[in-house]
Asks: 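Got a structure for you, questions after.
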Protein chains: 2
Amino acid sequence: MLLYEMQSLMTKEKIINIISDNYSKLTVECQKELSNVSKILMLKKGETLVKEGQHSDKIYFIIKGCARAFYLKDGKDISDWFAFEMEFISSIISFFLDIPSPHFIELLEDSMLLELSKKDVESLADKYHDFERLSKTIVTKTMLQQQERISSMQFHSAEEKYENILSIRTNITQRVPLTHIASYIGITLETLSRIRSRKKRI
Amino acid sequence: MLLYEMQSLMTKEKIINIISDNYSKLTVECQKELSNVSKILMLKKGETLVKEGQHSDKIYFIIKGCARAFYLKDGKDISDWFAFEMEFISSIISFFLDIPSPHFIELLEDSMLLELSKKDVESLADKYHDFERLSKTIVTKTMLQQQERISSMQFHSAEEKYENILSIRTNITQRVPLTHIASYIGITLETLSRIRSRKKRI
DNA sequence: TTTTTTGATTGACCTTTGTAAAAAAAGATG
DNA sequence: CATCTTTTTTTACAAAGGTCAATCAAAAAA
């Protein structure tokens, strides 16, 4: 299905209903208010959601497509997070600490997103207990993903780290360039390439 | 002050009030109920809160002392988390996913703790919006600490990782053996020892 | 205090991974 | 289709950090 065809099928109401079902249930009233304050974005591959240095007070839910958070270390592009359909992404440092973003966020595919501002997240969380719970659920899931990632980084070889990400994100190599995968797991593209050719041979 | 002297000074009510002030405000009613379901523990250095393989459905707040979460990889002891005064610790994998704990948790000093069970956390969070918010705050802080840790692990030398933990936990070397610090930052004790002797010389 | 245990340091050696540069392959664009 | 750009692979070489073993130091236990 083409992205522009989805817009009519995927109404904001439906999307919010999916979030409610998959993360934490929201009352109809809360869903309505969430629908009023959120915004659908249709963006092309390569477009940027956040630039380094910006105060980014937005969080994005990915309806279709995928996005990548990355930063520059000594001029080198290092990937810090990938998000696919049904996942959230934001510049967490900027969003939660209200400081300029160290990250860029860009789209790796043509994408459809739901955008929410921190101000609205906060007022919804104040007003609705169930939205507070939803926020907690999202943060908890993120925390558990990070936990998994940390333990995969501790005392694991480049090959083990690559195997690990493949097991979690089965088809990531089809959607994300190897350079980004390499920096995400903390190895160079060259090392990743050697691992892959070693595996092919066997 | 000796640990046994603290018990009379630090009533559960006072401790819960401190949590409320430092994490997220709780109503008096909620504080009372929290006080009813939580329990103070006085434990000696070396004692174990959680063993690998156990279902651990408890979370601990450290009033005095410090604790360490670690796991065994190929028989080797690898530290995964430290918690000091005013911080929470639990076997997060077991607590949030209801599966057997991959971690041990042990005390690095004689300690005073507040213990809370998941069942009680959940019912408090259901009943009180402000307790739900407190939970979110604790999880969010943990997530941000993990974020910091991940970026310190990505493409940083052993020395940079050591400097980084020293800047975050200024006096950690006074309270935690170097072996544990080394495995926490993902290097061997020998490498850490070399870094330290290099720094001493200069 | 002496002994035992645990934690930290040092040295020799070796493996893994990074660096730099070039070539090849795959994708995008006119 | 042909060209240009980006991504990936390959090679040679260097450096960082791991492993193993011996020694030293400090803290607990007897």
Side-chain angles (χ1 to χ4, degrees), chain A residues 44-48 66 68 70 72-79 82 104 106-110 152-166 171-202, chain B residues 44-48 66 68 70 72-79 82 104 106-110 152-166 171-202:
Chain A
K44 291 263 163 229
K45 175 174 176 173
E47 290 195 76
T48 300
C66 67
R68 171 178 85 105
F70 67 101
L72 300 176
K73 175 172 157 54
D74 312 325
K76 270 177 238 159
D77 173 321
I78 299 180
S79 295
F82 301 116
F104 296 78
E106 64 164 23
L107 297 169
L108 297 176
E109 298 173 357
D110 294 354
S152 115
M153 292 177 89
Q154 252 181 336
F155 295 103
H156 287 265
S157 66
E159 179 158 6
E160 287 168 327
K161 289 187 282 184
Y162 180 56
E163 292 297 339
N164 186 256
I165 194 175
L166 286 186
N171 60 352
I172 194 171
T173 51
Q174 276 91 69
R175 299 181 72 181
V176 177
L178 295 175
T179 343
H180 301 333
I181 297 175
S183 69
Y184 178 79
I185 61 176
I187 67 174
T188 60
L189 174 62
E190 291 85 344
T191 299
L192 180 54
S193 187
R194 283 188 278 244
I195 288 164
R196 285 164 55 87
S197 72
R198 222 187 298 153
K199 286 182 41 167
K200 235 184 303 177
R201 242 169 274 142
I202 304 163
Chain B
K44 292 263 163 228
K45 175 174 175 171
E47 290 196 76
T48 298
C66 65
R68 172 176 84 103
F70 66 101
L72 300 177
K73 175 173 156 56
D74 311 323
K76 270 177 240 159
D77 173 322
I78 299 181
S79 295
F82 300 118
F104 296 79
E106 66 164 19
L107 296 169
L108 297 175
E109 298 173 357
D110 295 355
S152 117
M153 291 177 89
Q154 250 181 338
F155 296 103
H156 286 265
S157 66
E159 179 158 5
E160 287 169 327
K161 290 188 280 185
Y162 180 55
E163 292 297 338
N164 186 255
I165 194 176
L166 287 186
N171 60 352
I172 194 172
T173 51
Q174 275 91 69
R175 300 181 73 179
V176 177
L178 294 176
T179 342
H180 301 333
I181 297 175
S183 69
Y184 179 78
I185 60 176
I187 66 175
T188 60
L189 175 60
E190 291 88 336
T191 299
L192 179 55
S193 190
R194 280 174 201 127
I195 287 164
R196 286 164 55 86
S197 71
R198 222 185 298 153
K199 288 182 37 166
K200 235 183 304 176
R201 244 170 273 140
I202 303 165

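Hydrogens, waters and symmetry mates are skipped; everything else that's a heavy atom, side chains included, is used. In the text below, chain A, chain B and the rest are named by the order of the sequence lines, each starting its count at 1.
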Asks: Counting only side-chain nitrogens and oxygens, does Lys76(A) get under 4.0 Å of the OP1 or OP2 atom of dG18(C)?
Replies: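 No, outside the criterion.
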Asks: Using a cut-off of less than 4.0 Å, is there contact between a side-chain N or O of Thr188(B) and OP1 or OP2 of dG18(D)?
Replies: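 Indeed, a polar side-chain atom of Thr188(B) lies that close.
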Asks: Students often get this wrong, so: under 4.0 angstrom with heavy atoms, is Leu189(B) touching a base, only sugar-phosphate, or nothing?
Replies: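 Contact class for Leu189(B): base.
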Asks: Between dT19(D), dT10(D), dA28(C), which nucleotide gets closest to the side-chain atoms of Glu190(A)?
Replies: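 So the nucleotide nearest the side chain must be dT10(D).
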Asks: Measure from CZ on Arg175(A) to C1' on dG27(C) and round the result to the nearest Å.
Replies: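 So the two atoms are 18 Å apart, to the nearest Å.
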Asks: Rounded to the Å, how far apart are Phe155(B) CZ and dA16(D) P?
Replies: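 So the two atoms are 16 Å apart, to the nearest Å.
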Asks: State which of dA28(C), dT9(C), dG17(D) makes the closest approach to the side chain of Thr191(B).
Replies: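 Within the option list, the nearest is dG17(D).
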Asks: How many Å lie between CD1 on Ile185(A) and P on dG18(C), as a whole number?
Replies: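 Computing the Ile185(A):CD1 to dG18(C):P distance gives 10 Å.
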Asks: Are the charged groups of Lys45(A) and Glu106(A) less than 4.0 angstrom apart, N to O?
Replies: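 No, no charged N to carboxylate O under 4.0 Å.
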Asks: The side chain of Pro177(B) lies closest to which of these nucleotides: dT10(C), dT8(D), dG7(C)?
Replies: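 Selected nucleotide (nearest to the side chain): dG7(C).
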Asks: If I take atom CG in residue Asp110(A) and atom P in nucleotide dA28(C), what distance separates them, rounded to the nearest angstrom?
Replies: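 One finds 11 Å between P of dA28(C) and CG of Asp110(A), rounded.
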Asks: Once you round it to whole Å, what is the distance between P of dA28(C) and CG of Leu108(A)?
Replies: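 So the CG-P distance, Leu108(A) to dA28(C), works out to 13 Å.
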Asks: Of all the choices, dT19(D), dT9(D), dT10(D), which nucleotide is nearest to the side chain of Arg194(B) once you look at every atom?
Replies: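 Closest of the options to the side chain of Arg194(B): dT19(D).
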Asks: I want to confirm an ordering. Mapping Gly186(A) and Thr179(B) to their closest nucleotides on DNA chain C, which one lands closer to the 5' end?
Replies: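 Taking each residue's closest nucleotide, the earlier one in sequence belongs to Thr179(B).
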Asks: Counting heavy atoms from C-beta on, name the nucleotide in dG18(C), dT19(C), dG17(D) closest to the side chain of Ile187(A).
Replies: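 When the side chain of Ile187(A) is considered, dG18(C) is the closest of dG18(C), dT19(C), dG17(D).
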Asks: Would you kindly give the NE2-to-C1' distance between His180(A) and dT8(D), to the nearest whole Å?
Replies: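 Checked: the NE2 to C1' distance equals 13 Å.
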Asks: If you check every side-chain atom of Lys45(A), which of dG7(C), dT8(D), dA28(C) has the closest atom?
Replies: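 The listed nucleotide nearest to Lys45(A)'s side chain is dA28(C).
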Asks: Could you tell me whether Lys44(A) and Asp110(A) make a salt bridge, using a distance below 4.0 angstrom between a side-chain N and a carboxylate O?
Replies: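 Judged by the 4.0 Å cut-off on N to carboxylate O distance, Lys44(A) and Asp110(A) do form a salt bridge.
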Asks: Within the side chain of Glu163(B), is there an N or O that forms a donor-acceptor pair under 3.5 Å with the backbone of Ala158(B)?
Replies: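 Pair absent, no side-chain N/O of Glu163(B) close to backbone of Ala158(B).
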Asks: Can you tell me the distance, in whole Å, between the CZ atom of Arg198(A) and the C1' atom of dT17(C)?
Replies: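 Those two atoms, CZ and C1', are 10 Å apart.
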Asks: Rounded to the nearest angstrom, tell me the gap between atom CZ in Arg196(A) and atom P in dT7(D).
Replies: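 Checked: the CZ to P distance equals 15 Å.
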Asks: What's the shortest heavy-atom distance between Ile181(A) and Phe82(A), and which atoms?
Replies: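 Closest pair (atom of Ile181(A), atom of Phe82(A), distance): N-CZ, 4.2 Å.
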Asks: Find which nucleotide of DNA chain D each of Leu192(A) and Ala158(B) is nearest to by heavy atoms, and output the residue with the more 5' nucleotide.
Replies: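 The residue whose closest nucleotide sits nearer the 5' end is Leu192(A).
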Asks: Is it true that the side chains of Tyr184(A) and Arg68(A) contain a donor and an acceptor less than 3.5 Å apart?
Replies: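 No, Arg68(A) and Tyr184(A) have no side-chain donor paired with an acceptor closer than 3.5 Å.
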